[in-house]
Student: 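Handing you a structure now.
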Amino acid sequence: MTDVRVFGSDGLDATIAVLRRRGYDVFGPTLRDDVVTYGPIESVADLPVGRGDEQSPARYRSRARGDGALFGYAAPVQSAKAQFLPSDELLWTSRPGDAASGPVIERQAAERRPVAFVGLRSCDLAAVLQQDRILTQRAHADVAYAGRRAGAFLIAVTCSDPADTCFCASLGTGPSPGEGADVSLTEIVGDGPHRFVATPGSPRGTELLDAVGAGPASDEDVAAAHRVERRAVTRMGRELRTDDLVGVLYASTESPHWDAVAERCLACTNCTLVCPTCFCTTITDAGDLTGGAAERRRVWASCFTKDYSYIHGGSVRTSTQARYRQWITHKLATWQVQFGSVGCVGCGRCITWCPAGIDLTAEVATLRAGDTALKSSRAAGPRPSPRED
Ligand code: SF4
Ligand code: SF4
């Protein structure tokens with residue numbers, strides 16, 4: 001029989017406290033500059049209590065929900081990527097040694113406290129597992145990433161209020177958390193007492209629920225959790241047909257639709273920076289003017305920049321058409337060939353945070369439909385500009 005527990009917000013507070021006492025750096029959703037993002041938390045009071053959000057292409061607004069929900073919004077602006085694969089990371093420093101030993105290189109020590117997430121979205125949990133496969137389970141593991149992931153404790157949450165931009169249900173990555181979480185939560189608000197239905201996903205998840213005294217859930221608790229999930233599926237704002245994505249993208253290599261997208265795309269890189277699965281980085285070296293020290297850093301990179309494809313003699317992808325085509329073809333098609341799954345978890349961030357409101361679900365649908373859809377969209381005139389409110 002499945003082990004299902006239930007506790008109130010005091011139980012969630014106790015969970016955060018236990019994790020902190022055990023030495024974890026605890027992260028969860030927080031409100032910063034009126035935007036929900038993951039950040040350090042010390043108690044339930046640090047969560048975006050009673051806040052919801054509205055997300056649509058090129059638009060994000062935080063709003064008051066009028067209730068005490070702790071997880072009543074869709075994907076935060078950033079995923080867990082920033083904690084496990086930081087946007088800017090010092091790899092090593094060097095200084096001149098003596099004539100006999102040569103330069104002294106000091107690698108950055110990997111000493112850090114383990115990370116715990118409380119309230120990780122289902123799509124973000126799926127993205128963490130994707131990055132694990134790519135960065136730690138192939139021939140050469142990324143040591144820095146693996147060090148951060150080692151021992152991480154993940155408490156994921158069912159999305160109760162997906163945004164207009166969400167489509168995780170199409171990809172099987174939500175709205176309820178799949179495998180990989182130590183504990184999966186569903187928050188029940190406005191359907192009996194405010195409570196959390198919790199399912200352990202690992203022995204240490206079971207142990208934590210025991211430690212905070214989470215009692216067994218009733219049949220009504222479990223039914224209420226199912227209602228939250230079913231309602232979320234019906235509220236999902238978008239969908240992405242996943243059949244034959246490789247065939248559709250490969251057949252679209254020479255599509256004139258890339259020109260139509262490039263007319264709108266600013267090549268700003270926002271979509272790649274907010275994407276929880278994009279993992280590309282580059283290396284920067286810098287030395288001080290006296291020659292006394294140098295450092296090497298690893299920073300996030302984006303295939304939307306011209307420099308990203310620079311090789312001897314110049315860039316391979318000099319046009320925005322080519323760069324958008326590269327991104328979406330890799331994300332949805334060649335990723336499957338390389339890593340065995342679609343490289344998108346349906347979080348919708350690239351739609352919300354694209355200043356031009358470019359929507360990959362719409363672009364794929366147009367490519368799928370071929371030139372007919374392109375001609376009719378052009379006949380309908382230019383698309384509206386993103387809202388300015
Ligand atoms: S698709 Fe949108 S977010 Fe991505 S680079 Fe183009 S304008 Fe920026
Ligand atoms: S491609 Fe867009 S919707 Fe898919 S995981 Fe990345 S940001 Fe989310």
Side-chain angles (χ1 to χ4, degrees), residues 37 55-60 74-82 85 120-131 133-134 159 162-175 178 236-242 245 249 257-280 300-309 317 319-336 339 341-367 383 385-386:
T37 189
Q55 301 190 36
S56 55
R59 186 173 188 274
Y60 178 99
V77 58
Q78 273 294 350
S79 64
K81 180 168 80 172
L85 184 69
L120 193 64
R121 301 277 124 183
S122 308
C123 55
D124 290 338
L125 173 67
V128 168
L129 300 187
Q130 282 228 13
Q131 294 215 318
R133 281 199 299 277
I134 294 164
C159 260
D164 176 49
T165 44
C166 292
F167 55 100
C168 63
S170 301
L171 293 156
T173 53
M236 197 88 23
R238 276 169 166 65
E239 66 177 319
L240 177 71
R241 265 183 64 190
T242 55
L245 276 174
L249 271 301
H257 188 57
W258 305 119
D259 295 336
V261 178
E263 280 172 19
R264 304 162 62 216
C265 176
L266 309 169
C268 67
T269 77
N270 267 16
C271 47
T272 50
L273 300 183
V274 295
C275 178
T277 63
C278 280
F279 57 85
C280 289
W300 286 356
S302 172
C303 54
F304 276 86
T305 66
K306 197 168 161 186
D307 283 353
Y308 183 79
S309 67
R317 291 183 285 274
S319 68
T320 304
Q321 290 93 318
R323 298 203 283 275
Y324 188 84
R325 179 179 65 185
Q326 151 66 23
W327 178 66
I328 202 169
T329 303
H330 185 220
K331 189 68 60 185
L332 301 178
T334 50
W335 196 293
Q336 297 192 53
F339 307 125
S341 65
V342 176
C344 171
V345 294
C347 70
R349 289 182 175 93
C350 58
I351 305 170
T352 298
W353 297 100
C354 172
I358 294 172
D359 172 355
L360 92 167
T361 66
E363 307 314 332
V364 170
T366 300
L367 293 168
R383 297 187 198 198
S385 301

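Below, each value reflects all heavy atoms present in this structure, side chains not excepted, and no hydrogens, waters or symmetry copies. Remember, it's 1-based here, ligands and their atoms both numbered in the order they're listed. We number each residue from 1, following the sequence as shown.
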Student: For atom 3 (S) of ligand 2, what is the nearest protein heavy atom, given as residue, atom name and distance?
Tutor: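 Answer, as residue, atom name and distance: G348 N, 3.2 Å.
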Student: As an exercise, identify every atom of ligand 2 less than 4.0 angstrom from a heavy atom of K331.
Tutor: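 In order of number, 1 (S).
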Student: If the cut-off is 4.0 Å to any non-hydrogen atom of F167, which atoms of ligand 2 fall inside it?
Tutor: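 Result: 3 (S).
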Student: Would you say the side-chain atoms of T165 pair up with the backbone N or O of T352, donor to acceptor, closer than 3.5 Å?
Tutor: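 Between the backbone of T352 and the side chain of T165 there is no qualifying donor-acceptor contact (under 3.5 Å).
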Student: Is there a donor-acceptor pair closer than 3.5 Å between any side-chain N or O of Q131 and the backbone N or O of T277?
Tutor: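 Flag set: sc Q131 to bb T277 pair under 3.5 Å.
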Student: Enumerate the atoms of ligand 1 whose separation from the nearest heavy atom of N270 is less than 4.0 angstrom.
Tutor: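 Every atom of ligand 1 under 4.0 Å from some heavy atom of N270: 3 (S).
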Student: Run the contact test for W327 against ligand 2 with a 4.0 Å cut-off on heavy atoms, strictly below, and give the result.
Tutor: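 It does, in that a heavy atom of W327 comes within the 4.0 Å cut-off of ligand 2.
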Student: F304 heavy atoms, cut-off 4.0 Å: which ligand 1 atoms fall inside?
Tutor: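 Contacts of ligand 1 toward F304, numbered from 1: 5 (S).
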Student: Hey, does V345 sit under 4.0 Å from ligand 2 if you only count heavy atoms?
Tutor: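 Yes, that is the case, since the closest heavy atom of the residue is under 4.0 Å from the ligand.
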Student: With a heavy-atom distance limit of 4.0 Å, tell me whether C350 approaches ligand 1 through its side chain, its backbone, both, or neither.
Tutor: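 Neither part.
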Student: Select one of side chain, backbone, both or neither to describe which atoms of T269 lie under 4.0 Å from any atom of ligand 1, heavy atoms only.
Tutor: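 T269 to ligand 1: backbone contact only, side chain stays beyond 4.0 Å.
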Student: For C268, take its heavy atoms, then give the atoms of ligand 1 lying under 4.0 Å from any of them.
Tutor: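 Atoms satisfying the 4.0 Å criterion: 3 (S), 5 (S), 7 (S), 8 (Fe).
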Student: Tell me the protein heavy atom at minimum distance from atom 2 (Fe) of ligand 1, and give that distance in Å.
Tutor: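 Scanning the protein heavy atoms, the shortest distance from atom 2 (Fe) of ligand 1 goes to C354 SG, 2.3 Å.
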Student: Nearest heavy atom to atom 1 (S) of ligand 1 wins, so pick from P57, C265, P355.
Tutor: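 Looking at heavy atoms only, C265 sits closest to atom 1 (S) of ligand 1.
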Student: Hey, which atoms in ligand 1 end up nearer than 4.0 Å to a heavy atom of A267?
Tutor: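 Every atom of ligand 1 under 4.0 Å from some heavy atom of A267: 5 (S), 6 (Fe).
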Student: Assess whether side-chain contact (heavy atoms from CB on, under 4.5 Å) is satisfied between L332 and L240, documenting all intermediate values.
Tutor: CA-CA 11 Å; L332 301 178; L240 177 71; 4.2 Å; yes
Student: Parallel, tilted or perpendicular, judged at 30° and 60°: which one describes the rings of F279 and W335?
Tutor: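 Perpendicular.
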Student: Give, for atom CH2 of W258 and atom CG of L367, the distance between the pair rounded to the nearest 0.5 Å.
Tutor: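 Separation between the atoms: 4.5 Å.
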Student: Could you check T269 against S302 for side-chain hydrogen bond (donor to acceptor under 3.5 Å, both in side chains), going step by step and ending with a plain yes or no?
Tutor: CA-CA 6 Å; T269 77; S302 172; 4.7 Å; no
Student: Students should be able to answer this: which protein heavy-atom is nearest to atom 7 (S) of ligand 1, and at what distance?
Tutor: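 Closest protein heavy atom to atom 7 (S) of ligand 1: L266 N, 3.2 Å.
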Student: So do W327 and C265 actually touch side chain to side chain, heavy atoms under 4.5 Å?
Tutor: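 No - every pair of side-chain heavy atoms lies 4.5 Å or more apart.
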Student: Please report which non-hydrogen protein atom sits nearest to atom 6 (Fe) of ligand 2, along with the residue it belongs to and the distance in Å to one decimal place.
Tutor: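 Residue, atom and distance for the closest contact: C275 SG, 2.4 Å.
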Student: Atom 8 (Fe) of ligand 2 and C347: any N/O/S contact shorter than 2.8 Å?
Tutor: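 Looking at C347, which is the residue asked about, there is an N, O or S atom under 2.8 Å from atom 8 (Fe) of ligand 2.
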Student: Measure the CZ-CZ distance between R121 and R349 for me, rounded to the nearest 0.5 Å.
Tutor: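 CZ of R349 is found 9.0 Å from CZ of R121.
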Student: Examine distances only and state if a side-chain atom of S122 and a backbone atom of G174 form a donor-acceptor pair shorter than 3.5 Å.
Tutor: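 A pair under 3.5 Å: no.
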Student: Look only at the side chain of Q78 and the backbone of L273, and say whether a donor-acceptor pair between them is shorter than 3.5 Å.
Tutor: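 Judged by distance alone, yes, a pair lies under 3.5 Å.
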Student: Within the side chain of N270, is there an N or O that forms a donor-acceptor pair under 3.5 Å with the backbone of W353?
Tutor: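 A pair under 3.5 Å: yes.
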Student: For atom 4 (Fe) of ligand 1, what is the nearest protein heavy atom, given as residue, atom name and distance?
Tutor: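 Protein heavy atom with the smallest distance to atom 4 (Fe) of ligand 1: C271 SG, 2.4 Å.
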